[in-house]
A.B. asks: 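Dropping the structure in here first, questions after.
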Amino acid sequence: VSGAPAGVRVLAVGADTGQALRMSVLRPWQSPGESMYAREGDRETAHYAVLGEDGTVLAVGSVMEEGHPREPRAGDWRVRGMATDPALRRRGLGRAVLSALEAHARGHGGRRLWCNARTGARAFYEREGWSTEGEEFEIEGIGPHFVMAKTLR
Ligand SMILES: CC(C)(COP(=O)(O)OP(=O)(O)OC[C@H]1O[C@@H](n2cnc3c(N)ncnc32)[C@H](O)[C@@H]1OP(=O)(O)O)[C@@H](O)C(=O)NCCC(=O)NCCS
């Protein structure tokens, strides 16, 4: 991982591995053991994480086959639960996770990735080649989002 702390690696992990970081970054108001989203624990849902040398989870994200919310097509995969440790942002860890999610989807027949991106993360996804679709919308209790997508070639 370029620019990241030495010894960093990105690995496929189980749902539980990144759960604490995912919850503390994205749903700090929920209790840590709660599930964050439907299908989080499904066998088909893939999770990738950047781990430090001691196994600490530094960044995490998930991907699953799911139709685009406005115009679903075969080969749609959804990215969820992207989170980087707040102390380690802007060092390429999120990019490393997203690349692994993309490779996973591609390897399983994925032809397009989409997500409900928090407005604060829009620039991150755009930097990684994603496009913003339509108007900003509110997810109650969480905040403003955009649908974003990336065609996999
Ligand atoms: C979004 C998030 C996962 C990005 O993780 P990260 O590890 O900081 O991302 P990276 O360092 O890999 O960033 C990749 C590129 O995007 C850029 N980038 C990242 N966050 C950015 C931001 N908020 N605004 C502008 N650019 C951003 C980086 O500068 C980098 O580009 P560069 O290498 O050309 O400088 C992280 O900010 C986060 O956990 N945010 C809070 C939770 C969240 O909103 N998750 C997404 C829910 S949809």
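These numbers were taken from a predicted model, which means no experiment stands behind them. Ligands are counted one by one from 1 in listed order, and the atoms in each one are counted from 1 as well. As a basis for the values below, the full set of heavy atoms in this structure was taken, side chains included, without hydrogen atoms, waters or symmetry mates.
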A.B. asks: Identify the protein heavy atom lying closest to atom 4 (C) of ligand 1, giving its residue, its atom name and the separation to 0.1 Å.
C.D. replies: Phe124 CD1, 3.7 Å
A.B. asks: Considering both backbone and side-chain atoms of Ala121, is one of its nitrogen or oxygen atoms within less than 3.5 Å of a nitrogen or oxygen in ligand 1?
C.D. replies: no
A.B. asks: Give me the atom names and distance for the closest heavy-atom approach of Ala15 to Gly41.
C.D. replies: CB-CA, 4.2 Å
A.B. asks: Compute whether any side-chain donor of one residue and acceptor of the other, for His68 and Glu133, lie under 3.5 angstrom apart.
C.D. replies: yes
A.B. asks: Do Thr17 and His47 have side-chain heavy atoms sitting under 4.5 Å apart?
C.D. replies: no
A.B. asks: Got the closest protein heavy atom to atom 37 (O) of ligand 1, with its distance?
C.D. replies: Arg89 CD, 3.3 Å
A.B. asks: Identify, by atom number and element, the atoms of ligand 1 in contact range of Ala83, meaning under 4.0 Å from any of its heavy atoms.
C.D. replies: 39 (O)
A.B. asks: Looking only at the side chains, is there a donor atom on one of Glu40 and Ser62 sitting less than 3.5 Å from an acceptor on the other?
C.D. replies: no
A.B. asks: Between Ala96 and Val50, what is the shortest heavy-atom contact and its length?
C.D. replies: CB-CG2, 4.2 Å
A.B. asks: Salt bridge check, Arg27 against Glu34: does any charged N sit closer than 4.0 Å to a carboxylate O?
C.D. replies: no
A.B. asks: For atom 24 (N) of ligand 1, state which one of Arg90, Arg122, Arg127 supplies the nearest heavy atom.
C.D. replies: Arg90
A.B. asks: Out of all atoms in ligand 1, which are within 4.0 Å of some heavy atom of Met82? Include the element for each.
C.D. replies: 42 (C), 43 (C), 45 (N), 46 (C)
A.B. asks: Within a distance under 4.0 Å of any heavy atom of Ala123, pick out the atoms of ligand 1 and give their elements.
C.D. replies: 24 (N), 25 (C), 26 (N)
A.B. asks: What protein heavy atom sits nearest atom 12 (O) of ligand 1, and how far away is it?
C.D. replies: Arg95 N, 2.7 Å
A.B. asks: Does an N or O from Arg118, backbone or side chain, lie closer than 3.5 Å to an N or O of ligand 1?
C.D. replies: no
A.B. asks: Kindly confirm or rule out an N or O of Tyr125 lying under 3.5 angstrom from an N or O of ligand 1.
C.D. replies: no
A.B. asks: Taking 4.0 angstrom as the limit, do Glu71 and Arg112 come out as a salt bridge?
C.D. replies: yes
A.B. asks: Give the residue, atom name and distance (to 0.1 Å) of the protein heavy atom nearest atom 3 (C) of ligand 1.
C.D. replies: Thr84 OG1, 3.8 Å
A.B. asks: Does the His145 side chain pair with the main chain of Gly143, one donor and one acceptor, at a distance under 3.5 Å?
C.D. replies: yes
A.B. asks: Return the option from Cys115, Ala117, Pro86, Gly94 holding the heavy atom at the smallest distance from atom 7 (O) of ligand 1.
C.D. replies: Gly94
A.B. asks: Which atom pair, heavy atoms only, marks the closest approach of Tyr48 to Val97?
C.D. replies: O-CG1, 3.8 Å
A.B. asks: Does the pair Glu66/Arg80 count as a salt bridge with the N-to-O cut at 4.0 Å?
C.D. replies: no
A.B. asks: Of the choices Val97, Val25, Leu21, which has the non-hydrogen atom that lies closest to atom 42 (C) of ligand 1?
C.D. replies: Val25
A.B. asks: Examine ligand 1 and decide if any of its atoms is less than 4.0 Å from a heavy atom belonging to Gly120.
C.D. replies: yes
A.B. asks: Using a strict 4.0 Å cut-off to heavy atoms of Leu26, name the atoms of ligand 1 that fall inside it.
C.D. replies: 42 (C), 43 (C), 45 (N)
A.B. asks: For ligand 1, is there an N or O atom under 3.5 Å from any N or O atom of Asn116?
C.D. replies: no
A.B. asks: Using a 4.0 Å cut-off to any heavy atom of Gly92, which atoms of ligand 1 qualify?
C.D. replies: 10 (P), 11 (O), 12 (O)
A.B. asks: Distance under 4.0 Å to a non-hydrogen atom of Glu128: what atoms of ligand 1 satisfy this?
C.D. replies: 14 (C), 15 (C)
A.B. asks: Counting only heavy atoms not in Arg111, do more than 12 fall under 6.0 Å of its CZ?
C.D. replies: no
